[in-house]
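Worksheet for the structure shown next.
Below, chains carry the letters A, B, ... as their sequence lines are ordered, and counting in each starts from 1.
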Amino acid sequence: MDAPYAIEMLGITKRFPGIIANDNITLQLRHGEIHALLGENGAGKSTLMSVLFGLYRPEEGVIKKDGVPVQINDPNDANALGIGMVHQHFKLVECFSVLDNIILGVEPTKGGFLQKDAARKKVMQLSENYGLAVDPDALIEDITVGMQQRTEILKMLYRDNEILIFDEPTAVLTPQEIDELMVIMKNLAREGKSILFISHKLAEIMAVADRCTVLRKGKYIGTVETKSSSMEELSAMMVGRNVNFHVEKKPARPGETVLDIQHMSVASRQHKKDAVHDVSLQVRRGEIVCIAGIDGNGQSEFVYGLSGLEPLKDGKIFLDGKDLSRSAIRQRSILGMSHIPEDRHKHGLVLDYSLEDNLVLQRYFEPEFTNKAGFLRRDNIRTYAERLIEDYDVRSGQGPVTAARSMSGGNQQKAIIAREIDKDPELLIAVQPTRGLDVGAIEFVHKKLVEQRDAGKAVLLISLELDEVMDVPDRILVMYEGEIVGELDPKKTTQEELGLYMAGAKRDEVRA
Amino acid sequence: MKNLLKRKGVQSLIASLLCIVLGLLLGYVVLLFINPAGAGQAILAVIRNFLNVSKANLQLKNLGNTLVKTAPLLMCSLSVLFAYKVGLFNIGVAGQYVVGAAAGLYAALQWGWGWLPCLLLAIALGAVSGAIVGMLKAYQNVNEVISGIMLNWITLYTANMILSGVTEQASPYTLHLRGNADQAILPSLGLGNLFNKHQYVTIAVPLAIILAIVVLVVLDKTRFGYELRATGNNKNAAKYAGMAEKRNIILTLMIGGALAAMGGALLYLTDFEQWSVGLSSVPGMGFNGIAAAFLGGLNPIGAIFSSYFIQHITAGGAFVDKSMYASQISDLISSIIIYLCGFVLFIKYAINTGLLRSEERALLRKQKAAAGGNTEKGGAS
């Protein structure tokens with residue numbers, strides 16, 4: 001009997017300390033179908049794919065190939081089973097040619113010498129069969145992102161892979177390239193390849209996938225036929241309806257404009273498209289504005305441009321009427337910008353420094369902490385640190401001298417928040433301030449943000465969490481592919497509507 | 001016991017001592033291969049250094065010799081460890097040392113400058129030499145190791161060229177300062193008398209130790225040091241906090257260059273050695289500074305001891321029985337030991353991973369014991 005499924009992942013459960021990344025998830029991929037895997041950031045898509053690829057071993061569950069249970073212990077096992085993957089960030093050698101990249105790792109040799117002619121023939125044949133136009137002799141660094149992606153696809157085909165995984169393949173493509181990719185994927189499926197398509201863009205899933213499996217917060221929500229479903233249904237499945245808790249706050253009483261961004265663009269490091277394109281927005285005193293969006297739609301780059309970590313490609317930034325577009329980071333900080341960074345280990349803390357040294361990271365140069373001769377005033381630093389620890393309830397093993405590294409994530413975040421808020425800023429930028437925190441710490445962070453608002457500060461929140469987006473801010477701006485595509489009122493909108501904007505299925509002309 | 005092992009200072013000390021033992025052991029094995037009969041005696045000779053001679057006053061004289069060469073080595077190791085705190089590997093230290101030696105000697109012999117201006121010129125030119133590497137790194141992202149090595153050779157041949165104007169007749173060696181430029185010899189302030197009227201023991205020795213303390217204070221107590229260590233520990237956080245990364249890179253390498261060049265001047269302005277313009281390789285003093293810095297646990301006070309130790313065994317090598325071993329054996333043995341000194345970080349790493357593993361295992365046991373319990377404990381990241 002011919003098994004109906006190319007790959008079955010049955011009852012997969014994968015736990016990490018403190019979190020269940022995959023909770024009894026089932027995914028069945030039919031022969032020759034395009035199967036979408038949909039879910040928010042952190043829903044467990046990557047974990048599930050890592051399990052399939054042998055990077056993680058699940059605690060429970062079975063993986064079957066063509067109906068036969070298999071053990072996948074490492075990526076080599078996955079390759080041997082004919083499973084191939086195009087990663088979101090391509091794994092190509094920039095200074096090698098297309099052909100060299102395709103054969104890399106499975107080079108045909110004879111007596112130790114490369115035999116490229118046969119390889120070239122096979123590649124050209126595949127390229128023609130599937131409509132994957134590439135120039136085999138061009139160097140990767142010289143070709144477009146679209147052609148780089150076709151090279152990645154050819155890499156899988158050259159290895160005779162039958163199960164092809166595309167991880168967010170459209171994230172880096174232009175609209176035309178996306179259309180081409182859709183055609184290619186359909187071709188591949190028609191030739192009998194089975195395709196897993198990881199995405200959170202609903203329009204693409206509706207256009208290309210036969211079926212769609214939805215995950216939310218590590219749980220399996222369901223599998224639907226796209227033909228008999230709708231974007232609204234998928235969005236609701238992805239987002240869920242239940243709101244966990246509510247943030248207590250009075251109605252906002254916005255004052256004058258503090259932050260005024262005009263036509264800001266930031267170049268991308270990965271590809272030629274701008275990461276942030278022509279964004280204009282204002283934040284006023286006494287309001288919390290949230291930039292919502294799915295991860296990787298330019299939010300990080302937007303904050304880098306705003307805080308000065310990356311130069312602007314275009315546009316202007318005004319803080320209280322002062323032009324900061326080209327100011328140094330220190331200058332922006334002194335003029336009243338505080339920044340709770342997205343990655344507290346990368347940017348927020350010097351992990352090998354003590355807690356007290358981290359608490360003065362933005363102020364160590366002030367006369368209170370450094371005397372005229374350039375020596376640190378240790379006594380004042382200690383007193384200051386002790387006050388912040390007390391006021392913000394930062395818990396640690398040895399108080400001010402605790403190594404930041406040894407503190408829990410929640411308390412590290414509290415320390416950063418204490419430091420940034422106590423600077424008494426005009427504008428507080430909080431990027432995913434509750435990421436990885438437990439419920440208690442999340443409440444604390446939200447309370448502090450609202451307090452800042454009520455104290456007449458401008459607060460700009462950047463968040464991926466839908467609950468947070470709906471609960472905390474007074475205005476929501478949705479960012480999609482580096483542009484602001486909608487402004488919503490959290491009191492009037494629904495998570496479903498928000499989801500549509502975030503997935504690029506809806507957009508307004510937003511006038512700043 | 002485990003908590004003691006976790007302390008950084010303890011780890012450094014253990015790692016350094018282990019390196020020394022390993023180095024001596026390996027040196028002993030090499031000696032065994034060459035000539036088993038004298039191996040034990042030879043390695044003892046290396047360890048004993050000045051204690052090989054029996055008369056007390058001769059012992060003092062030999063100790064003095066070791067100290068004279070400890071001063072420049074300490075300066076070089078300070079240069080290396082200072083840059084390393086910012087995450088930079090200053091291999092240009094060898095060339096910067098040459099800059100100092102050449103500048104000091106030339107100003108003394110050609111222009112008849114006194115010792116202080118000579119020393120200051122050496123420091124200034126060393127800073128310039130470091131600045132070149134620093135600017136290339138900061139503005140063009142040229143790897144400081146590559147540009148440092150290149151500059152080492154440029155510096156060596158430039159030094160040879162310039163100093164060939166002040167050599168002895170028909171000899172590649174520069175003129176002795178004594179008799180030709182007495183004003184340029186570093187004052188002894190009576191220190192030489194402590195070492196049996198050792199004419200070469202000068203203020204260089206205490207000066208180097210004072211600078212080690214200065215480096216320690218700058219790194220630990222000042223705003224500048226706070227910025228440098230932050231940059232070395234987490235470049236991104238330093239940038240996020242608005243620290244001037246480029247300026248700090250250049251300043252760090254300038255200071256590194258100045259320290260190493262001062263080391264060069266502190267040796268040659270004692271007249272203990274003459275420079276040979278026939279040199280076709282960069283003197284090893286700078287490179288040994290790298291070993292001394294790591295052996296000293298990248299701590300300025302540690303560097304004082306490690307520099308002395310390295311100089312001690314290098315000098316000790318001279319006492320190996322030359323009738324049993326070729327004359328190069330002393331250099332070979334000391335370089336084996338110095339080479340092993342570079343493994344300090346590796347041993348520290350091994351200690352740490354060992355500790356981490358045992359902790360992980362303990363955690364896993366705990367988790368297994370608590371399985372079925374509450375897994376929704378947050379706060380982890």
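- In this structure, Arg326(A) places its CZ atom where only 12 or fewer heavy-atom neighbours from other residues, nucleotides or ligands lie under 6.0 Å away.
- In Phe369(A), the CZ atom is crowded: over 12 heavy atoms of neighbouring residues, nucleotides or ligands sit closer than 6.0 Å.
- Contacts between Thr370(A) and chain B at a heavy-atom distance below 4.5 Å involve the side chain alone, from C-beta outward.
- Here Leu309(A) is the residue among Leu309(A), Asn371(A), Asp352(A) with the most heavy-atom pairs under 4.5 Å with chain B.
- Between the NZ atom of Lys239(B) and the NZ atom of Lys346(A) there is a distance of 9.0 Å, given to the nearest 0.5 Å.
- The minimum heavy-atom distance linking Met243(B) with Arg330(A) is given by the pair N-NH2, 3.8 Å.
- Per-residue heavy-atom pair counts under 4.5 Å with chain B were compared for Asp343(A), Leu351(A), Leu349(A), and the maximum is reached by Leu349(A).
- In this structure, no portion of Ile334(A) lies under 4.5 Å from any heavy atom of chain B.
- Shown here for Ala237(B) and Leu361(A), the closest heavy-atom pair between the two residues is O-CD2, 4.5 Å.
- Between Arg229(B) atom CZ and Asp357(A) atom CG the span is 6.5 Å, to the nearest 0.5 Å.
- Classification of the Tyr226(B)-Tyr364(A) ring pair by plane angle, with boundaries at 30° and 60°, yields tilted.
- Summarising the local packing, NZ of Lys235(B) is surrounded by 12 or fewer heavy atoms from other residues, nucleotides or ligands at distances under 6.0 Å.
- Annotation for Asp220(B) and Arg378(A): closest pair O-NH2, 4.2 Å, computed over non-hydrogen atoms.
- The minimum heavy-atom distance linking Tyr240(B) with Pro341(A) is given by the pair OH-CD, 3.6 Å.
- Within a 6.0 Å radius of OH in Tyr384(A), other residues, nucleotides and ligands contribute more than 12 heavy atoms.
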- [ ] Could you give me the CA-CA distance, side-chain angles and deciding distance for Tyr353(A) and Asn233(B), then say whether side-chain contact (heavy atoms from CB on, under 4.5 Å) is met?
- [x] CA-CA 8 Å; Tyr353(A) 269 18; Asn233(B) 275 323; 3.6 Å; yes

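- With hydrogens and angles disregarded, a donor-acceptor distance shorter than 3.5 Å links the side chain of Asn234(B) to the backbone of His345(A).
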